[in-house]
Amino acid sequence: MRTEKIEFLNARGQKLAARLDRPGGQARAYGLFAHCFTCDKTAKAAVRISRALAGLGVGVLRFDFTGLGESEGDLGGFSANVDDLIAAAAHMASLGHAPALLIGHSFGGAAVLAAASEIGSVKAVATIGAPAEVSHVLRQLGDGLSRVEADGAAEVKIGGRPFTIGRDFVDDARTHDLPDRVAHLRRALLVLHSPVDKIVGIDNASKIFLAAKHPKSFISLDDADHLLTKGEDADYAATVIAAWAGRYLPMATDTAAETPDGAVLVEETGAGKFQVQITAHGSRLFADEPEDVGGLGSGLGPYELVSAGLGACTSMTLRLYAERKGWPLQRTRIAVRHDKIAGQVPPDTFARQIGLEGPLDAEQTARLFEIADKCPVHRTLEGGARVATAPFPVPPAEPDAGAARAEAVEHFQQMDAECRKAGAPA
């Protein structure tokens with residue numbers, strides 16, 4: 001992962017400062033991150049989520065809204081934020097990185113919901129702790145709101161920092177119909193929200209979700225605070241966003257490391273301590289360890305994947321046999337748990353439970369249980385297997401252009417000499 005400094009102009013000609021977090025290899029897609037109200041591109045949630053997504057193959061541009069961070073101008077209202085997002089997307093498109101994903105945190109979440117329909121390249125939108133109404137931001141002004149309305153402008157403190165807020169900011173916040181924008185979003189939507197968010201209550205997530213049309217999804221951030229100050233909460237949000245958005249984002253056309261036909265590719269993502277991405281036949285999933293051992297809990301653990309392989313193979317084997325026999329097997333349910341039992345040889349045991357649904361008689365049921373023991377993965381586990389390890393093949397070296405040119409010149413000189421010797425025109 002690498003980070004680049006970028007600057008671009010907004011619709012008012014003001015220079016906005018940004019950072020582009022790029023994946024180490026080829027990006028599968030690009031996204032645009034909108035930070036929370038009065039935050040900036042260096043906010044912990046913005047940095048961790050953008051970098052984690054870059055580790056998962058999604059390049060992300062995070063920038064300072066007008067008047068914040070390193071960007072020029074005075075603090076803008078909601079309409080200015082939406083315009084800034086559109087300008088950022090246009091700049092990304094000019095670089096060949098048109099954003100397919102918008103991510104917005106808090107007030108930035110409301111901004112991406114409003115801007116998405118204006119950015120043609122966007123396929124998916126994810127919000128984190130977003131308000132359902134733009135006017136919700138006025139609560140952050142406290143008693144300063146009445147001073148703004150009475151005097152036309154007032155200095156208010158937000159997060160311990162002073163900001164001058166004018167009446168145009170207040171009027172602008174009251175004019176937008178965000179639920180209507182959500183209803184006409186026409187993009188896949190993921191709503192992430194903490195049920196204990198004390199700044200933007202969970203009821204906002206409900207309103208956004210109910211206003212949206214499918215495809216839409218909701219993820220609870222459990223005990224996370226509004227700003228996602230705990231690193232593991234930001235990492236979890238990034239992992240969920242990347243996994244969810246994978247259905248809607250364009251996939252990379254190639255991988256950095258080529259694998260033999262039929263091989264499963266496992267690569268570290270850079271998110272969390274253990275998370276890896278597994279790729280096979282164009283499908284992708286994550287493997288991870290639970291949070292209590294230092295993982296993100298974002299995917300199956302290694303032994304759970306082995307258990308899943310046994311369960312899947314068992315189900316498929318039973319289905320093939322039942323169909324071949326014409327038996328009325330309607331559905332299978334397989335539960336597999338891996339245990340290590342001290343003193344047992346071998347110590348590893350896969351406890352498998354099989355559920356068979358359908359009007360099967362006792363003889364058919366007994367026979368299917370026998371067939372379950374004949375599934376290929378079952379036989380591999382019981383019979384043992386050999387693991388053959390080898391390094392990835394070294395990619396062929398790029399041809400030496402200078403040597404190739406010298407060889408061509410030498411070849412031409414030889415041909416010229418032979419032509420002259422034969423008396424033919426060179």
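Numbers here simply count residues along the sequence, with the first being 1. Only this structure's heavy atoms are used, side chains among them; waters, hydrogens and symmetry mates stay out.
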Pairs flagged by disulfide (SG to SG under 2.5 Å) wherever residues 19-60 is involved - sequence neighbours left out:
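For residues 19-60, and leaving out neighbouring residues, the disulfide (SG to SG under 2.5 Å) pairs sorted by first residue read Cys36-Cys39.
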
Give me each pair satisfying disulfide (SG to SG under 2.5 Å) with a member in residues 161-225, each pair once, sequence neighbours excluded.
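Passing the test, one end in residues 161-225: no pairs.
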
Can you list the residues that meet the salt bridge (Lys or Arg N to Asp or Glu O under 4.0 Å) rule with [X], with sequence neighbours excluded?
X: Arg139; answer: none
X: Lys340; answer: Asp348
X: Arg247; answer: none

ring-ring contact (aromatic ring centres under 6.0 Å, His included): which pairs involve residues 44-76, sequence neighbours left out?
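Listed by first then second residue: Phe8-Phe63, His35-Phe65, Phe63-Phe65.
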
Pairs flagged by salt bridge (charged side-chain N to carboxylate O under 4.0 Å, His left out) wherever [range] is involved - sequence neighbours left out:
range: residues 173-189; answer: Glu149-Arg174
range: residues 60-87; answer: Arg12-Asp84, Arg19-Glu70, Asp21-Arg62, Lys41-Asp64, Lys41-Glu70
range: residues 215-228; answer: Asp223-Lys230
range: residues 100-116; answer: none

Run the side-chain donor-acceptor check on residues 92-115: report pairs under 3.5 Å with partners two or more places apart or on a different chain.
| residue | atom | partner | partner atom | Å |
| --- | --- | --- | --- | --- |
| Ser94 | OG | His91 | O | 2.5 |
| His97 | NE2 | Arg22 | NH1 | 3.2 |
| His97 | NE2 | Arg22 | NH2 | 3.1 |
| His105 | NE2 | His226 | O | 2.8 |
| Ser106 | OG | His226 | NE2 | 2.8 |

Salt bridge check, Lys44 against Asp233: does any charged N sit closer than 4.0 Å to a carboxylate O?
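Result for this pair is no, no salt bridge flagged.
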
Applying ring pair (Phe, Tyr, Trp, His ring centres under 6.0 Å), name anything that partners Phe369, two or more places apart in sequence or on another chain.
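Partners of Phe369 by the ring pair (Phe, Tyr, Trp, His ring centres under 6.0 Å) criterion come out as none, since no residue qualifies.
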
